[in-house]
Number of protein chains: 2
Amino acid sequence: MTDSATTRAARLADVARLAGVSAATASRALNGNDRGVREANRARVLEAAKTLGYTTNLAAQAVARGRSRGVMLVAKGMPDDFANPITAGVLKATQRRSLPFTLVSAGTEQSDLVEAVNLARSHRPETLVITGGRAADDTTIPALIEALRHYEDEGGRVVLISQEGLPFDTVTYANRQGGYDMATALVDLGYREFAVISGMKHGMTQRDRTEGFVAGLADADIEVSADRILVGEFNRDAAYAMTGELLRRNVNVEAIFAVNDAMALGVLTFLRDTGDSRRVAVAGFDDIKALRDITPSLTTVHMPWEQIAEEALAMTVLPRTTPPRTTVVKGHVIVRESTPRVTR
Amino acid sequence: MTDSATTRAARLADVARLAGVSAATASRALNGNDRGVREANRARVLEAAKTLGYTTNLAAQAVARGRSRGVMLVAKGMPDDFANPITAGVLKATQRRSLPFTLVSAGTEQSDLVEAVNLARSHRPETLVITGGRAADDTTIPALIEALRHYEDEGGRVVLISQEGLPFDTVTYANRQGGYDMATALVDLGYREFAVISGMKHGMTQRDRTEGFVAGLADADIEVSADRILVGEFNRDAAYAMTGELLRRNVNVEAIFAVNDAMALGVLTFLRDTGDSRRVAVAGFDDIKALRDITPSLTTVHMPWEQIAEEALAMTVLPRTTPPRTTVVKGHVIVRESTPRVTR
DNA sequence: GTGAAAGCGCTAACAA
DNA sequence: TTGTTAGCGCTTTCAC
């Protein structure tokens, strides 16, 4: 049996009629902002809305107001399991402000971001937060900038998280510094022979982390030959494979720095699978929650994800400036079991 | 310095004017559906849209059409790190169909779901997917049903995932069966003394899994005394604490069944922290990806998350029926290292 | 194949 | 404090 009986949704006019007031008054009563409504009328409107099961038509509201409330997050390259500390952080931050939150997930291709931004633009949200890594040689940057400029010209407010170097307000992390600090920490622990498992050749995030790490070692008079810096996809599986490749070469490695925790997990798992876990130390970057119970616990650069999201949202309510603002959030190294102190 | 210069977004009328056609034609050209547009005109419209940086005003479109395209997922009780296999599955499934996807995250309180559904309703999405656990004694169910009925009456299409027993199309998992199968599997491995770490007293999911497990044991003539079925919050930390409580009593437990993987992780971690990990076996439920690299690897009931999401989306395009459809998706036990065969 | 015009549900002057 | 009246930007008949 197949049903059909489809009415239409109750409209503001219906509520108004039932309450015996005009649409304008009903609107005022429902939206609360404009407080010039007699208490009795307000009550009747609310009552009417309730009995009709009325919900605002946000689309119509957005059309009338020219923009819709809330923040829309465009996240590029969401991982398979959807876990993403920035997304989580932004969601929480919007909840704290009781702002409507909407997620647009962009794919992993370069052009996906531009497309997603334009989709987001179509919704005319009052603020847009963009996140996700970027390649240094990304050819779609001009298109992205254009789309975001249009958006700002239309009166929208953008904040980028981690997409450093674009002419919009930005919150970034001190990737280079984090890498540097990790190098220092590992040297302090007594390590001398390193390898780096990195991702996506031109990815700026991983590039900066790697560079910082190498610089940190250099300052301690340690050199990492180029063949010990492996580059592949930016995920666990690739890291797993790269670790195999590295060790097969039988190089003398004491510690492996993976440019993010997901990759560190791949390294750790490979080592465990091959029984090498006690021989080689591993460090990551991000300090994601999902790895909190891993054995051995992972030495990593802790990033204050919630704070990053908070800063970004705080920025959205500030007026735009020329040049745009940039806030750099620092992480700090947390030494755990995966990098025990070396005793020679 | 503070900028201001705010233009307004390009409208369809602007595009039409620049292309030298009417708004109607521009609309037809842009939306492609109605193919009665001369090729030359279509090209000019597209061109004009591009030079103006035009993006459809989806809100206006939704108002005009009465409904907006795409699926909106209402997810209750998203975990802190945002990882949620159903969300991930639904996202993927919508992407495969290139449908716009929007997420509304509801809190963990009972009433949060109703509120979130009404928020979702306000967007007038063509389809709504609801997910998240439910308590057996949930007092907001009538309100939820009412909200969803309204939504359907307005012409929307709802599918519930895992919220069994409500008068709407539903995809559920065979929780009871999974628990039963796990019991059988563990008995087959040689275990005889069990405990269950369960969550939220009236949560239907965990209740069914627990009941199934107990029934499975009963069929093997094994009884679990009530004091070995611990109930607390439905998360890792609670499970960690409960395990401590259980073992402190010094009961003779060979295997612990946690009603989901997150809790199993808590159990596992507690055992590891106290050095008991080799003494007690652990099994979970869900087979979430995040735990793929845990040591020891976790015996669990594998759930086909992507398939569940697929089924749900497939349902949304079917006409409604009376009574509503229910699809039950089964999982299967995967035995891994956390439950080695018992040798006596 | 194309345009004019009506209307989608709401908000925001403006008047009363 | 309330109602009237224009829109908001788009789609969609209905003529041409």
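First the proteins, then the strands, lettered A, B, ... as listed; each starts at 1.
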TODO: Round to the nearest Å and state the distance from A:Leu30 atom CG to C:dG9 atom P.
DONE: 16 Å

Open item on the list: Taking side chain to side chain contact (heavy atoms under 4.5 Å, CB included) as the definition, give me every residue that meets it alongside A:Ala62, ordered by chain and number, with sequence neighbours left out.
Closed with: A:Ser68, B:Ala59

- [ ] Find the distance B:Leu58:CG to D:dC10:P and express it as a whole number of Å.
- [x] 10 Å

- [ ] Using a 4.5 Å cut-off on heavy atoms from C-beta on, say whether the side chain of B:Ile130 contacts that of B:Ile161.
- [x] no

TODO: Among C:dC10, D:dG9, C:dT11, find the nucleotide with the atom closest to the side chain of B:Arg8.
DONE: D:dG9

Task: Any residue meeting ring pair (Phe, Tyr, Trp, His ring centres under 6.0 Å) with A:Tyr54, in chain and number order, not counting sequence neighbours - done: none

Open item on the list: With heavy-atom distances below 4.5 Å as the criterion, would you say the side chains of B:Leu166 and B:Ile145 are in contact?
Closed with: yes

Task: Partner residues of A:Arg38 under the side chain to side chain donor-acceptor pair (under 3.5 Å) criterion, sequence neighbours left out - done: none

TODO: Round to the nearest Å and state the distance from A:Arg67 atom CZ to C:dT11 atom C1'.
DONE: 16 Å

Open item on the list: Quick check: do A:Leu30 and A:Leu12 have side-chain heavy atoms less than 4.5 Å from each other?
Closed with: yes

TODO: Could you tell me the separation between the CD atom of A:Glu39 and the P atom of D:dT1, rounded to a whole number of Å?
DONE: 11 Å

- [ ] Would you kindly give the CD-to-P distance between A:Gln61 and C:dC10, to the nearest whole Å?
- [x] 8 Å

Task: Integer-rounded Å distance: C:dG9 P and B:His123 NE2 - done: 17 Å

Open item on the list: Tell me the interatomic distance from A:Asn31, atom CG, to C:dG9, atom P, rounded to whole angstroms.
Closed with: 17 Å

Task: Distance, rounded to the nearest Å, where A:Glu154 contributes CD and D:dC8 contributes C1' - done: 15 Å

Would you tabulate the nitrogen or oxygen pairs shorter than 3.5 Å linking the protein to nucleotides 3-7 of chain C?
residue : atom : partner : partner atom : Å
C:dG3   : OP2  : B:Ser22 : N            : 2.8
C:dG3   : OP2  : B:Ser22 : OG           : 3.0
C:dG3   : OP2  : B:Thr25 : OG1          : 2.7
C:dG3   : N7   : B:Arg28 : NH2          : 2.6
C:dG3   : O6   : B:Arg28 : NH1          : 3.3
C:dG3   : O6   : B:Arg28 : NH2          : 3.4

Task: Within residues 46-56 of chain B, residues whose heavy atoms come under 4.0 Å of DNA chain D - done: B:Tyr54

Open item on the list: Side-chain N or O of A:Arg38 versus OP1/OP2 of D:dT2: is the shortest distance under 4.0 Å?
Closed with: yes

Task: Axial bend angle, the helix from C:dG1-D:dC16 to C:dA16-D:dT1: five-pair end segments, nearest 10° - done: 30°

Task: N or O in side chain of A:Ser27 less than 4.0 angstrom from C:dC10 OP1/OP2 - done: no

TODO: Check every atom of D:dT11, D:dG9, C:dT11 against the side chain of B:Arg11 and return the nucleotide holding the closest atom.
DONE: D:dG9

